[in-house]
J.: 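Submitted below is the structure of interest, expressed as structure tokens.
All residue numbers in this chain count up from 1 along the given sequence.
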Amino acid sequence: QVQLVESGGGSVQAGGSLRLSCAASGDAYRRKCMGWFRQAPGKEREGVAIIYSEGGNIYYAYYADSVKGRFTISQDNAKNTVYMQMNSLKPEDTAMYYCAADSNRGSCYPYNWRGGQSYGYWGQGTQVTVSS
């Protein structure tokens, strides 16, 4: 089993920054793909950033086009924690952010995100609110 616990959400003004953390427990092989989805009120859940790691190695990070250049996902294997640094935040970034993980390598690719339908493990979510 895998458990994911998010932290770091909050309220900021446009242009500000936040860092989200997702602490994981459980077998590492079950979370080859790990990262963040978000869901704004009245909208479908969407992928934001996913990191692919296996055997203790971090291989690649994938980003939604809407956050490229502003968000950075990283992973600290010693702490079993994934971070997402969010800079230059915009009001349209306002959403509930969920940490998710999956054991299937294919789930890492953006074309397979599909709102996280294939992801087997989820955190409880953390709210990010960006005011203009």
Side-chain angles (χ1 to χ4, degrees):
Q1 276 289 1
V2 171
Q3 290 188 324
L4 305 173
V5 179
E6 303 103 329
S7 60
S11 297
V12 295
Q13 290 191 326
S17 298
L18 285 172
R19 188 177 81 154
L20 304 184
S21 300
C22 177
S25 61
D27 298 319
Y29 76 90
R30 296 181 187 272
R31 37 189 173 88
K32 294 186 182 69
C33 306
M34 188 166 163
W36 301 91
F37 289 78
R38 68 185 181 186
Q39 188 166 22
K43 294 188 176 181
E44 294 186 350
R45 189 170 59 196
E46 63 177 359
V48 180
I50 295 292
I51 199 163
Y52 164 52
S53 64
E54 191 168 1
N57 298 309
I58 298 168
Y59 287 102
Y60 207 76
Y62 302 90
Y63 296 93
D65 288 342
S66 59
V67 306
K68 282 180 182 176
R70 300 188 298 122
F71 291 10
T72 302
I73 190 170
S74 61
Q75 182 168 306
D76 184 332
N77 287 334
K79 296 182 179 180
N80 289 329
T81 300
V82 167
Y83 303 96
M84 186 164 69
Q85 179 67 41
M86 305 186 295
N87 297 329
S88 302
L89 282 161
K90 304 175 181 179
E92 51 263 44
D93 294 318
T94 295
M96 183 71 79
Y97 284 71
Y98 296 93
C99 182
D102 198 68
S103 59
N104 186 347
R105 169 73 178 95
S107 296
C108 297
Y109 299 116
Y111 59 78
N112 282 332
W113 286 353
R114 296 171 190 155
Q117 291 179 16
S118 65
Y119 278 69
Y121 306 102
W122 291 87
Q124 80 284 357
T126 186
Q127 178 69 36
V128 171
T129 302
V130 185
S131 58
S132 57

J.: Evaluate the ring planes of Trp122 and Tyr98, with Trp represented by its six-membered ring, and classify them as parallel (under 30°), tilted (30 to 60°) or perpendicular (over 60°).
T.: perpendicular

J.: What closest approach, in Å, do Ile73 and Ala61 show between heavy atoms, and which atom pair accounts for it?
T.: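 For Ile73 versus Ala61, the nearest heavy atoms are CG2-CB, 3.6 Å.
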
J.: In terms of side-chain geometry, is the basic nitrogen of Arg38 or Glu46 positioned less than 4.0 Å from the acidic oxygen of its partner?
T.: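 So Arg38 pairs with Glu46 through a salt bridge.
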
J.: With a 4.5 Å cut-off on side-chain heavy-atom distances among I, L, V, M, F, W and Y, is there a chain of contacts connecting Met84 to Tyr121?
T.: yes

J.: Using side-chain heavy atoms (C-beta onward) and a distance below 4.5 Å, is Leu20 in contact with Glu6?
T.: no

J.: Determine whether Asn77 and Ile58 satisfy the following criterion, side-chain contact (heavy atoms from CB on, under 4.5 Å), listing intermediate values before the conclusion.
T.: CA-CA 9 Å; Asn77 287 334; Ile58 298 168; 4.2 Å; yes

J.: Please round to the nearest 0.5 Å and tell me the distance separating atom SG of Cys22 and atom CD1 of Ile51.
T.: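 With rounding to 0.5 Å, SG (Cys22) is 12.0 Å from CD1 (Ile51).
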
J.: Other residues, nucleotides and ligands only: do more than 12 of their heavy atoms fall within 6.0 Å of CD on Glu92?
T.: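 Enclosed: over 12 neighbouring heavy atoms sit under 6.0 Å from CD of Glu92.
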
J.: Decide yes or no for Phe71 and Val48: does some side-chain heavy atom of the first lie under 4.5 Å from some side-chain heavy atom of the second?
T.: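 Side-chain contact under 4.5 Å: yes.
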
J.: Taking all non-hydrogen atoms of both residues into account, name the closest pair between Ser25 and Arg31 and its distance.
T.: O-NE, 4.3 Å

J.: Would you say that Ser17 contacts Gln85 through its side chain, given a criterion of any heavy-atom pair below 4.5 Å between the two side chains?
T.: yes

J.: To the nearest 0.5 Å, tell me how far Leu4 CG sits from Cys99 SG.
T.: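 Rounded to the nearest 0.5 Å, the CG-SG separation comes to 4.5 Å.
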
J.: Using every non-hydrogen atom in the two residues, find where Leu18 and Val128 come nearest and quote the distance to one decimal.
T.: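 Nearest heavy atoms, Leu18 then Val128: CD1-CG1, 3.9 Å.
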
J.: Would you say Met96 and Arg45 make side-chain contact, with heavy atoms under 4.5 Å?
T.: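 Result no, sub-4.5 Å side-chain heavy-atom pair not found.
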
J.: Any side-chain donor paired with an acceptor under 3.5 Å for Asn112 and Ser107?
T.: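 Asn112 vs Ser107: no donor-acceptor pair found between side chains.
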
J.: Starting from Tyr119, can I reach Trp36 by hopping between I/L/V/M/F/W/Y residues whose side chains sit under 4.5 Å apart?
T.: no

J.: Please, which pairs that meet ring pair (Phe, Tyr, Trp, His ring centres under 6.0 Å) have at least one residue in residues 48-69, sequence neighbours excluded?
T.: Tyr52-Tyr59, Tyr60-Tyr62, Tyr62-Tyr109

J.: How about Gln127 and Thr94: do any of their side-chain heavy atoms sit closer than 4.5 Å?
T.: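 Yes. Closest side-chain heavy atoms under 4.5 Å.
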
J.: Would you say the side chains of Gln13 and Ser131 form a donor-acceptor pair under 3.5 Å?
T.: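 No donor-acceptor contact under 3.5 Å links the two side chains.
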
J.: Is there a side-chain contact between Asp93 and Arg70, using heavy atoms and a 4.5 Å cut-off?
T.: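 They are in side-chain contact.
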
J.: Using the rule that Ile, Leu, Val, Met, Phe, Trp and Tyr join whenever any side-chain heavy atoms are under 4.5 Å apart, tell me whether Met86 and Val82 fall into a single cluster.
T.: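 Yes, same cluster.
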
J.: With rounding to the nearest 0.5 angstrom, report the CD to CZ distance, Gln117 to Phe37.
T.: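 So the CD of Gln117 and the CZ of Phe37 are separated by 10.0 Å.
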
J.: For Gly47 versus Ala64, what's the shortest heavy-atom pair and its separation?
T.: O-CB, 3.4 Å

J.: In terms of hydrophobic clusters joined by side-chain contacts under 4.5 Å, are Tyr83 and Val2 together?
T.: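 Unlinked, Tyr83 and Val2 end up in two clusters.
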
J.: Check this for me: does any side-chain nitrogen of one of Asp102 and Arg30 sit under 4.0 Å from a carboxylate oxygen of the other?
T.: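 No, no charged N to carboxylate O under 4.0 Å.
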
J.: Kindly determine whether Asp76 and Thr81 satisfy side-chain hydrogen bond (donor to acceptor under 3.5 Å, both in side chains), including the steps that lead there.
T.: CA-CA 5 Å; Asp76 184 332; Thr81 300; over 6 Å; no

J.: Please confirm whether the backbone N or O of Tyr29 pairs with a side-chain atom of Lys32, one donor and one acceptor, at under 3.5 Å?
T.: yes

